[in-house]
Amino acid sequence: MTTYRLLNNIFEYHEAFIEFKQFRRQFDGVKVWFNQKNESLIDKLQGDWIPIDIQFSSDLKNNNIPDISIWNLSCLILSEKAKKVLAPELKNIGEFLPLQNGFYIYNCLSAVDASAIDQTRSRFESNHSDSAHIPKELHLLSEKISDKFLFKPAFAHHSFLICSDEFKKRVELHNLSGILFEPDLAKIFPTR
């Protein structure tokens, strides 16, 4: 089973940005690092969610608006089209909040723990105690992730998203744009 780390395709598409202060005003106690705790956002809403503004930008002015973008390391920003295509699987493993202009935040709550790591083929940064979670080489055990459509690695502070072949196939079949599928799970930055 092949899995992929999701990365923004910064070469062709803008990245999505949400003003975090505007975002957190609607919640009780949500910090910028909420994704590291794999917390539900909906459980912390102060009232009814009011869609907030979204911006798209990049270093390249001629980049396009994506269907899918990664925000705050491990949340997705989805266009209406992307939500429609991916919602059947995503709705059971996370939560959607609408944004302005037909986009949605998707907070993935599915995760795997360290028992999913193939210890014989993986290596982690070990020169500093705080960086022990940073993978230098990362391989997962197929039997621990075979039922996962999209998930975060709990052993790396839920700091990125990993998807299955099925997720990748669905994105490609429906021509959803904006992300790269990196087979090297330890790779942090996209390259051409």
Using a 3.5 Å distance criterion without hydrogens, assess whether the side chain of [X] forms a donor-acceptor pair with backbone atoms of [Y].
X	Y	value
K144	A114	no
N35	N72	yes
K168	F181	no

Point to revise | Partner residues of K61 under the side-chain contact (heavy atoms from CB on, under 4.5 Å) criterion, sequence neighbours left out | key: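 None.
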
Point to revise | Contacts of S69 that satisfy side-chain contact (heavy atoms from CB on, under 4.5 Å) - sequence neighbours left out | key: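 For S69, the residues satisfying side-chain contact (heavy atoms from CB on, under 4.5 Å) (neighbours in sequence not counted) are N8, E15, A16, P66, I77.
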
Closest approach of [X] to [Y] (non-hydrogen atoms, all atoms of both residues):
X	Y	value
L150	Y106	CD2-CE2, 4.0 Å
S146	E143	OG-O, 4.0 Å
N175	K81	O-NZ, 3.7 Å
I93	E89	CG1-O, 3.7 Å
L109	S40	CD2-N, 4.0 Å

Exercise for review: Kindly determine whether F56 and F103 satisfy ring pair (Phe, Tyr, Trp, His ring centres under 6.0 Å), including the steps that lead there.
Suggested key: CA-CA 11 Å; F56 293 95; F103 283 85; 5.0 Å; yes

Exercise for review: Give the intermediate values and the outcome of side chain to side chain contact (heavy atoms under 4.5 Å, CB included) for residues K44 and E39.
Suggested key: CA-CA 9 Å; K44 294 182 175 267; E39 295 180 321; 3.7 Å; yes

For residues [X] and [Y]: do they belong to one hydrophobic cluster (side chain heavy atoms under 4.5 Å, members Ile, Leu, Val, Met, Phe, Trp, Tyr)?
X	Y	result
F34	V32	yes
L73	I68	no
V30	W33	yes
I52	F20	yes
I42	W49	yes

Given side chains that start at C-beta, do those of [X] and [Y] come closer than 4.5 Å, heavy atoms only?
X	Y	answer
N9	P190	no
I179	Y13	no
D184	R5	no
D53	I18	no
K152	S74	yes
I162	L185	yes
L76	L6	yes

Check your understanding: Around atom CG of D59, are there more than 12 heavy atoms of other residues, nucleotides or ligands at under 6.0 Å?
Key ->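 Open.
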
Exercise for review: Start with the C-alpha distance between V171 and L86, add both sets of side-chain angles, then the distance that settles side chain to side chain contact (heavy atoms under 4.5 Å, CB included), and finish with yes or no.
Suggested key: CA-CA 8 Å; V171 166; L86 299 170; 4.3 Å; yes

Distance check, rounded to the nearest 0.5 Å: [X] atom [atom1] versus [Y] atom [atom2]?
X	Y	atom1	atom2	answer
E166	F149	CD	CZ	6.0 Å
E172	F167	CD	CZ	10.5 Å
C163	E182	SG	CD	11.0 Å
Q26	R24	CD	CZ	13.0 Å
N38	N107	CG	CG	7.0 Å
L97	I50	CG	CD1	12.0 Å

Practice item. Any chance you could lay out the side chain to side chain donor-acceptor pair (under 3.5 Å) test for Y4 and D165, step after step, and finish with the verdict? Key: CA-CA 8 Å; Y4 304 90; D165 283 323; 3.3 Å; yes

Point to revise | Parallel, tilted or perpendicular, as decided by the 30° and 60° cut-offs, for the rings of Y104 and F96 | key: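 If you compare the ring of F96 with that of Y104, the planes turn out perpendicular.
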
Exercise for review: Please determine which of I105, L41, L90 meets the side chain to side chain contact (heavy atoms under 4.5 Å, CB included) test together with E95.
Suggested key: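 It is L41, the one option of I105, L41, L90 that forms the side chain to side chain contact (heavy atoms under 4.5 Å, CB included) with E95.
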
Check your understanding: Looking just at side-chain N and O atoms, do H14 and S58 make a donor-acceptor pair shorter than 3.5 Å?
Key ->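 A pair is found: one side chain offers a donor N or O, the other an acceptor, under 3.5 Å apart.
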
Review point. If we ignore angles and hydrogens, is there a donor and acceptor under 3.5 Å between the side chains of Q36 and S159?
Key: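 No, because no side-chain N or O of Q36 sits under 3.5 Å from a partner of the opposite role on S159.
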
Practice item. Tell me, with the steps shown, if L180 and F11 meet side chain to side chain contact (heavy atoms under 4.5 Å, CB included). Key: CA-CA 10 Å; L180 298 171; F11 308 108; 4.2 Å; yes

**Study point:** side chain to side chain contact (heavy atoms under 4.5 Å, CB included) between V112 and I145, worked out
**Key:** CA-CA 8 Å; V112 297; I145 59 169; 4.0 Å; yes

Exercise for review: May I ask you to check whether W71 and F23 place their ring centers less than 6.0 Å from one another?
Suggested key: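 Yes, close enough.
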
